[in-house]
2 protein chains.
Amino acid sequence: MELEVNDIIDNLAEHNELRITDQRRKIIELLIENRGQHMSAEEIHHLAKKKEQPVALPTIYRTMGILEKKGVISKNDFGGGAAKYELSLGNHHHLICENCGKIIEVSGLLPADLEQRLLAEQGFQSKEQRLKIYGYCRECINKPKKSWPGTQ
Amino acid sequence: MELEVNDIIDNLAEHNELRITDQRRKIIELLIENRGQHMSAEEIHHLAKKKEQPVALPTIYRTMGILEKKGVISKNDFGGGAAKYELSLGNHHHLICENCGKIIEVSGLLPADLEQRLLAEQGFQSKEQRLKIYGYCRECINKPKKSWPGTQ
DNA sequence: ATACCTGCAAATGCTTTGCGGATGG
DNA sequence: CCATCCGCAAAGCATTTGCAGGTAT
């Protein structure tokens, strides 16, 4: 796990003028510790503070911008106000329950030849696919529904 | 075309306590006139003003909220700051060029049995699927790339 | 008549920016 | 040493809200 922080860090520094700072290391560390979670900038800020290594909010936003451009993380808008970030770990997609706000991750929903088809039919070279599916989760499917948006 | 405005209006008023006002009629009119476009609240605001039937921005946001909940429109975040709205006309998806910001609409990208599969495998009842594909369009695929985000 | 709408102005909340001081390479 | 980065405070923007007056039904 500690290894991976360095993997990412090294990769970032490799070709560019990107400096390795305690703040950036800490942010990546937190992203790895919470892999599979969707975290807002504010949540990362709180976690860092709780671990006695506070990182200022503007620094977090600036870092997220860099990491997103590098493809290390992806930024999601689930409709709850603040953007949510997560480590990019393979192409997966999100089922979003409109009743309780739960996010379920799923893979393997897209046809395998999608990228080639788009290139052939549209001349479009795709880098990343994001499928969001809105609906009701197992628990809410038969419950009376409340209104959206609802964060968790 | 004028017919369709009334279709939507009537449909909205049918089961609910929703009033038919000039502002709501105007907004729907503009959405229909610009079908296939992606418009921000601000753009709708400008268009209404230009047509001598101004609608206040808060009213536009409030109306968009209602129309979205009713499924008349869908709200998109393409990363350019403001949300973009469009009439819901069949399930289509968006190719987003990271170089020039162009949005290309495409249909028929998802497996036909997707909804049934999700219900069977996850117990998830899906209402709406939105696939966003980031990459480079035909014109930009060989151009030197600039940085993102760029709106148009 | 009355519940619902609108417009205005102000508030809100996420995100970005300017800047002086700090620091990694 | 110097370009880059950080934290702070303040600004920027899209969106929401409170409220008083207006309007559809």
Side-chain angles (χ1 to χ4, degrees), chain A residues 5-6 9-30 38-46 48-49 52-70 73 75-85 147-151, chain B residues 5-6 9-10 12-28 30 38-46 48-49 52-70 73 75-85 147-151:
Chain A
V5 177
N6 289 326
I9 286 277
D10 291 351
N11 234 320
L12 286 179
E14 193 143 353
H15 298 296
N16 325 63
E17 293 317 310
L18 268 188
R19 292 188 176 168
I20 301 176
T21 65
D22 292 346
Q23 291 87 336
R24 289 177 180 173
R25 194 185 295 278
K26 188 66 196 170
I27 289 173
I28 294 172
E29 211 175 295
L30 286 172
H38 301 101
M39 294 188 295
S40 66
E42 195 77 44
E43 284 162 348
I44 296 173
H45 183 237
H46 276 130
K49 188 180 295 178
E52 326 252 293
Q53 246 180 95
V55 180
L57 218 29
T59 301
I60 293 176
Y61 279 110
R62 281 188 275 237
T63 304
M64 298 324 253
I66 294 169
L67 294 180
E68 192 192 3
K69 209 176 298 182
K70 297 289 178 190
I73 59 169
K75 180 182 178 183
N76 298 287
D77 168 35
F78 294 131
K84 304 281 189 137
Y85 303 91
S147 62
W148 178 259
T151 307
Chain B
V5 177
N6 289 326
I9 287 276
D10 291 350
L12 286 179
E14 193 144 355
H15 298 296
N16 324 64
E17 293 317 308
L18 268 188
R19 292 191 177 166
I20 301 176
T21 65
D22 292 345
Q23 290 87 337
R24 289 178 180 173
R25 193 184 297 278
K26 188 66 196 171
I27 290 173
I28 293 172
L30 287 171
H38 301 100
M39 294 189 294
S40 66
E42 196 77 44
E43 283 162 349
I44 295 173
H45 183 236
H46 276 130
K49 190 180 294 179
E52 326 252 296
Q53 245 180 98
V55 180
L57 218 30
T59 300
I60 292 176
Y61 280 109
R62 281 188 276 236
T63 303
M64 297 325 251
I66 293 170
L67 293 180
E68 192 193 2
K69 210 175 297 182
K70 297 288 178 187
I73 60 169
K75 180 182 178 182
N76 299 286
D77 168 34
F78 294 130
K84 304 279 189 138
Y85 303 91
S147 62
W148 179 259
T151 306

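Model, not experiment: these values are computed from the prediction. Computed from heavy atoms alone, side chains included, the values below leave out hydrogens, waters and symmetry copies. Lettering of chains follows the sequences in order, A, B, ..., and the numbering in each one begins at 1.
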Could you tell me how far apart [X] ([atom1]) and [N] ([atom2]) are, to the nearest whole angstrom?
X: Arg25(A); N: dC6(D); atom1: CZ; atom2: C1'; result: 16 Å
X: Asp77(A); N: dA14(D); atom1: CG; atom2: P; result: 15 Å
X: Lys75(A); N: dT16(C); atom1: NZ; atom2: C1'; result: 11 Å
X: Glu42(B); N: dG12(D); atom1: CD; atom2: C1'; result: 14 Å
X: His45(B); N: dG7(C); atom1: NE2; atom2: C1'; result: 10 Å
X: Ile60(B); N: dT17(D); atom1: CD1; atom2: P; result: 17 Å
X: Leu12(B); N: dT25(D); atom1: CG; atom2: C1'; result: 16 Å
X: Lys69(A); N: dT16(C); atom1: NZ; atom2: C1'; result: 13 Å

(request) Identify, between Ala56(A) and Ile20(B), the residue whose nearest nucleotide on DNA chain D lies closer to the 5' end. (result) Ala56(A)
(message) Just to be sure I understand the rule, does Leu57(A) reach a base, reach only the sugar-phosphate, or reach nothing, if contact means heavy atoms closer than 4.0 Å?
(response) nothing
(message) Just so I know, are the side chains of Met64(A) and Ile60(A) near enough to count as touching, which here means a heavy-atom distance under 4.5 Å?
(response) yes
(message) Can you confirm whether Leu67(B) sits close enough to Leu12(B) that some side-chain heavy atom of one is under 4.5 Å from a side-chain heavy atom of the other?
(response) yes
What nucleotide among [options] has an atom nearest to a side-chain atom of [X]?
X: Arg19(A); options: dA3(D), dA24(D), dG7(D); result: dA3(D)
X: Pro58(A); options: dT15(D), dG7(C), dT17(C); result: dT17(C)
X: Leu18(A); options: dC5(D), dT25(D), dC8(D); result: dC5(D)
X: Arg62(B); options: dG7(D), dT15(C), dC19(D); result: dC19(D)
X: Thr21(B); options: dC5(C), dG18(C), dT16(D); result: dC5(C)

(message) side chain to side chain contact (heavy atoms under 4.5 Å, CB included) for Thr63(B) and Gln23(B)? Distances and angles first, verdict last.
(response) CA-CA 9 Å; Thr63(B) 303; Gln23(B) 290 87 337; 5.9 Å; no
Does the side chain of [X] get closer than 4.0 angstrom to OP1 or OP2 of [N] through an N or O atom?
X: Tyr61(A); N: dT15(C); value: yes
X: Thr59(B); N: dG7(C); value: yes
X: Gln23(B); N: dT23(D); value: no
X: Arg24(B); N: dT6(C); value: yes

(request) To the nearest 0.5 Å, tell me how far Arg25(A) CZ sits from Gln53(A) CD. (result) 10.0 Å
(message) side chain to side chain contact (heavy atoms under 4.5 Å, CB included) for Asn11(A) and Lys70(A)? Distances and angles first, verdict last.
(response) CA-CA 10 Å; Asn11(A) 234 320; Lys70(A) 297 289 178 190; over 6 Å; no
